[in-house]
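Throughout, protein chains are lettered first and strands after them, A, B, ... in sequence-line order, and every chain is numbered starting at 1. Quick caveat: nothing in here was measured; it's all calculated off a predicted structure.
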Amino acid sequence: MNDLLIIVVHGIGVGAIFALVGMSFNVVFNASGILNFAQGNMLVLGALFAFLLLPTQPDLLRWFILLPAVAIGLALLLAVQGYVTLLPLRSSVEQHSWLITTLAASVIIGAILLIYQGSAQQSVRSPFTAIRFMGVRIPATYALTTGLALFWFIALHIFHTRVLTGLAISALSQDLDAARAAGLRVRRLQVTAFAISGLIVGSAGFVAAPVMAIANDSGITYVMNGFVAAVVGGLGANLGALVGGVLVGMLSLYAAYEYGGEFQNLVSLALLVVVLMVRPQGLFGRQAARRV
Amino acid sequence: MNRVRFDAATRLHLLLGIIAVAGSILLPALLGSAYWTHNFLIVNLFVAVAVLQNMLLADAGQVSFGQGAVFGLSAFTVGIVAGLWGHSYAAGFLAGVAMAVVLGLLFALPALRVQGYYLGFVTLSAAVVFPEMLVAFNDLTNGINGITRAVPALTTPLGLGLTPIALMVMALAIAALLFHATLRATRLGRRIRVAAVSPEAAMALGINPGALRFIAFTIAATGTGLAGALYVPVLGFVSPYAFRVDLSIFFFFSVVVGGNGQLIGPVIGVWILYLVPNALLADLANYRLLGYGFVALLIMLAFPDGVVGTIEALRRRRRLRTQVTGISVDRVLAWPGARPRPPTQGQAITVRGVRKTFGSLAALDGVDLAVIPGSVHGLVGPNGSGKTTLLNVISGFIALNAGSVAINGTDTSRAPAYRVARLGVGRTFQTPRVLEEMSIWENLEIGADVKGDHSNWLLALLAPFRTEWSENRPDLLAHAQRRVLEVLRTVAGDADILLLDEPAAGLSAAERRDFARLVRFLSERLGKTVLLVEHDLALVWKVADRITVLDAGQVIAEGPPDTIAADPRVRRLFIGGADA
């Protein structure tokens with residue numbers, strides 16, 4: 001019983017990280033149709049900044065100042081990455097180039113981590129003390145990631161329905177050509193979407209750092225699970241990413257508990273295949289509205 | 001059998017590709033450089049895999065990020081069977097290729113449901129999971145320790161520094177290139193490409209797109225498995241670390257950096273991405289990955305279509321033609337032969353009580369239609385009356401809600417479009433589904449591919465234009481010519497029944513007259529049954545033997561043109577009677 005509760009609570013906490021990556025996917029995908037493969041390593045970068053900038057002694061004030069600073073830093077980095085990614089799409093008939101440029105960005109970040117710290121794995125100590133809930137000790141980080149996921153879900157909802165820029169980005173997801181014809185500055189909006197996704201993964205990486213593996217090759221796991229979260233929920237739908245993320249988190253922790261850590265990703269893959277075979281549009285996705 | 005012919009660009013790519021492969025194997029061996037001999041063996045193994053990845057991506061349109069896992073599974077199977085279990089290398093080789101094919105088929109399964117980056121992520125996830133499974137099942141795979149298995153028989157030099165394995169790797173890479181070039185010139189290769197670029201056109205040509213995806217994945221997995229099986233004697237060792245997701249990404253990078261779809265693209269891509277970081281940063285192991293990432297990024301920014309793709313685009317622009325000899329309807333009509341007319345009893349198309357609803361709207365509401373074999377049957381009605389829906393129902397593109405459809409007496413109410421097409425039903429679309437990625441001649445050939453008969457009269461009649469049309473794309477053809485090309489494509493496929501959806505839209509008066517003659521020719525001289533949906537009533541009245549008038553999803557009149565013209569309900573529908 002206690003084990004099950006731990007799996008559920010930790011699963012939600014880990015799943016919230018996947019949900020955050022999934023939502024950051026959605027923001028860029030809705031604006032440009034691009035899936036940013038570098039998102040996982042960007043998350044790791046956010047965590048690396050926490051490792052580099054946070055003192056070893058708990059310092060709450062510093063934590064609260066650094067959180068927005070790291071988020072903004074990643075937003076700037078992603079804006080640059082987004083600008084570079086969108087460059088070749090203007091002139092080329094070859095629309096696979098974004099697959100390469102985003103993957104290459106991911107490879108470059110991983111390579112820099114490798115040069116900087118070798119294949120070592122860094123970890124960060126949380127400045128918060130663990131919470132006790134129904135007799136179970138919950139690391140504060142899991143509560144924080146869950147809260148952050150909910151915060152970004154609500155913020156994105158308000159942004160896309162109440163803020164002019166957000167509405168314009170939503171318009172891009174409906175019909176890119178019509179948006180362009182209506183005089184929207186598509187390129188600028190798309191770069192903005194990249195920047196917003198940077199705010200999300202930057203804050204997520206910083207907050208989740210104590211439970212993350214900060215290593216040169218851990219990004220791909222977050223990309224993969226974030227994508228599974230987004231697809232399970234329905235690509236483009238943030239509510240879906242939230243639910244999908246939690247589902248993926250709980251399943252993968254159950255797999256780790258029952259069979260061992262090596263099987264976490266296998267379970268995610270199985271979930272992805274099952275969802276795509278049975279309900280390709282995901283739990284909350286619009287049914288192939290744009291394909292027909 | 002039709003002899004395979006390569007165009008000039010293909011021949012050049014093949015020549016350069018073979019020189020690159022053979023040269024890079026032979027030269028270092030003759031010069032006695034062990035370092036480069038070894039490196040180029042790996043490069044050429046990767047070339048073989050990337051060539052097949054190119055086929056899978058560019059020809060079959062399948063995004064797979066998992067080819068590294070296919071490669072690794074084959075290599076590891078060889079390691080397990082020939083190394084841990086102590087069987088012969090030959091036994092391991094066969095087992096490795098077989099396992100690779102199995103994994104390829106597993107990749108093809110989700111491809112039946114999802115496409116594009118969804119499929120990319122499924123295969124990517126598989127590539128992430130694969131090495132984890134190698135570690136997880138360490139009882140079977142020896143886990144992170146890897147497996148050592150030398151094959152001395154293949155690595156002992158024969159003379160001049162050349163080993164049997166070097167010759168095998170060379171043969172495999174060259175075979176992969178030759179295979180890719182040949183595949184493109186064959187019926188199977190064309191059909192794989194049609195299924196990728198236009199599933200609708202493919203189904204109208206009797207192609208089941210899912211089946212061809214399976215075939216493409218199987219071919220790619222077989223070749224990749226062969227390369228994986230050769231990896232073991234080259235290295236003498238397999239480790240899970242060698243087959244991480246990075247390897248799959250490398251293969252994909254190689255194709256796109258070289259130039260997606262360019263025959264020699266994968267060779268250039270592998271050379272650049274493997275050799276540049278390894279040669280320039282040989283002493284800085286940790287910086288190799290960084291160099292590789294930057295090379296890939298910078299090349300995509302500088303050459304968005306890949307290195308070879310960009311060069312080819314420039315070459316094409318230099319000898320850009322603005323004109324190509326058009327398809328002359330007169331030339332087709334001048335064909336001296338004639339086909340026997342089919343017996344006029346029975347029905348070519350029988351539609352009974354067909355109902356089709358979209359939400360609450362009934363697009364077809366109890367439609368009956370009978371088309372006499374060998375006749376031209378006009379289908380007219382105002383916009384939204386259900387004409388095109390009826391055409392889609394007959395050709396199997398839309399499932400009906402109630403009623404039945406039969407082709408030459410065979411019930412096709414539930415049959416998918418490609419099966420209807422195989423019964424001899426050809427169709428055209430409102431916007432011509434001319435395949436821009438193929439040459440004009442190939443557009444005709446994919447018609448003939450329906451029955452696999454390339455000696456048919458139409459292709460023979462147009463043979464004088466073969467060379468010119470083989471080197472030019474249909475974007476050089478005027479709109480009316482594209483319409484004619486699409487009709488001739490179905491004729492080349494020897495379809496008995498032709499469904500033409502607004503074929504005269506956008507045609508000039510003279511072009512319409514030509515088109516009317518072509519339609520009569522199809523019926524009178526070739527004995528074809530034609531069902532014609534058209535807004536140009538004058539044209540329909542001129543060519544049709546019988547006419548059916550649809551309004552709001554129901555048949556309101558049916559009969560010979562004269563009777564229909566006199567029908568007051570029809571007159572009310574088309575006031576003035578000239579044009580709808």
Side-chain angles (χ1 to χ4, degrees), chain A residues 29 33-35 37 84-85 87-116 118-119 216-217 220-221 223-225 227-228 230-231 235 259-270 272-273 276-278 280 291, chain B residues 57-58 63 65 106 109-110 112-115 117-122 124-130 132-138 244-246 249-250 252-253 255-257 259-261 284-306 309-310 313:
Chain A
F29 177 76
I34 288 172
L35 291 165
F37 282 88
V84 171
T85 303
L87 269 183
L89 291 176
R90 209 173 322 191
S91 58
S92 169
V93 288
E94 169 57 71
Q95 296 297 313
H96 284 294
S97 72
W98 62 264
L99 284 171
I100 304 298
T101 46
T102 61
L103 270 171
S106 182
V107 168
I108 289 169
I109 296 173
I112 292 172
L113 279 166
L114 181 69
I115 292 166
Y116 173 71
S119 42
N216 65 306
D217 58 355
I220 193 80
T221 303
V223 170
M224 176 184 153
N225 285 297
F227 179 78
V228 177
V231 168
L235 204 54
Y259 307 105
E262 318 87 284
F263 291 94
Q264 283 185 321
N265 287 331
L266 181 69
V267 169
S268 297
L269 170 62
L272 176 66
V273 170
L276 286 178
M277 295 303 263
V278 177
R291 241 174 293 171
Chain B
L57 179 65
V63 180
F65 279 120
L106 280 180
L109 268 184
L112 293 180
R113 277 290 275 194
V114 294
Q115 286 284 286
Y117 38 71
Y118 284 98
L119 184 62
F121 255 107
V122 173
L124 180 78
S125 306
V128 171
V129 168
F130 171 69
E132 295 175 352
M133 292 303 103
L134 289 179
V135 175
F137 292 99
N138 57 0
R244 288 199 297 197
V245 64
D246 312 57
I249 292 173
F250 171 84
F252 193 88
F253 271 23
V255 169
V256 182
V257 163
N260 182 16
L284 301 160
N286 277 355
Y287 285 84
R288 268 184 224 169
L289 194 62
L290 187 67
Y292 159 71
F294 268 109
V295 168
L297 182 66
L298 294 178
I299 285 182
M300 265 353 265
L301 295 179
F303 307 100
D305 298 314
T310 306

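For a residue to count as touching a neighbouring chain, one of its non-hydrogen atoms must lie under 4.5 Å from one of that chain's; by this rule B:Val245 touches chain A with the side chain only. The part of B:Phe65 that comes within reach of chain A is its side chain, from C-beta onward, which places non-hydrogen atoms under 4.5 angstrom from that chain. For chain B, the nearby part of A:Leu35 is the side chain; its heavy atoms alone come within less than 4.5 Å. Proximity to chain B involves both the backbone and the side chain of A:Leu103, based on heavy atoms less than 4.5 angstrom apart. Residue contact with chain A, scored on non-hydrogen atoms closer than 4.5 Å, involves the side chain of B:Phe137 exclusively. Of the atoms belonging to B:Ala126, heavy atoms from both backbone and side chain fall under 4.5 Å from chain A. Of the two parts of A:Val278, only the backbone, made up of N, CA, C and O, holds a non-hydrogen atom closer than 4.5 Å to a non-hydrogen atom of chain B. Contact annotation for B:Ile249: only side-chain heavy atoms (C-beta onward) come within less than 4.5 Å of a heavy atom of chain A. Residue A:Ile220 touches chain B through its side chain alone, counting heavy-atom pairs closer than 4.5 Å.
Going from atom OG1 of A:Thr102 over to atom CD1 of A:Ile34 covers 7.5 Å, rounded to the nearest 0.5 Å. Expressed to the nearest 0.5 Å, how far CZ of B:Phe294 lies from CD1 of B:Ile299 amounts to 13.5 Å. B:Phe121 contributes atom CZ, which lies 12.5 Å from atom CG of A:Leu269 (distance to the nearest 0.5 angstrom).
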Self-check item: CA sep, side-chain torsions, deciding dist, call: B:Val63, B:Phe252, side-chain contact (heavy atoms from CB on, under 4.5 Å)
Solution: CA-CA 9 Å; B:Val63 180; B:Phe252 193 88; 4.0 Å; yes
Quiz item: Could you go step by step and tell me if B:Val256 and A:Leu99 meet the side-chain contact (heavy atoms from CB on, under 4.5 Å) rule?
Solution: CA-CA 9 Å; B:Val256 182; A:Leu99 284 171; over 6 Å; no
Exercise. Test side-chain contact (heavy atoms from CB on, under 4.5 Å) on B:Arg244 and A:Asp217 and set out the steps.
Key: CA-CA 10 Å; B:Arg244 288 199 297 197; A:Asp217 58 355; 3.5 Å; yes
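Heavy-atom pairs under 4.5 Å with chain B were tallied for A:Thr85, A:Ile108, A:Asn216, A:Ile109; the largest tally goes to A:Ile108. Put simply, of A:Ile115, A:Ile112, A:Val107, the one with the most heavy-atom pairs under 4.5 Å next to chain B is A:Ile115.
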Side chains of residues 259-266 of chain A: which donor-acceptor pairs under 3.5 Å do they make with residues two or more places apart or in other chains?
from: A:Asn265; atom 1: OD1; to: A:Asn225; atom 2: ND2; distance (Å): 3.3
from: A:Asn265; atom 1: ND2; to: B:Glu132; atom 2: OE1; distance (Å): 3.3
from: A:Asn265; atom 1: ND2; to: B:Glu132; atom 2: OE2; distance (Å): 2.7

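Annotation: side chain to side chain donor-acceptor pair (under 3.5 Å) contacts of B:Ser125 (sequence neighbours excluded): none.
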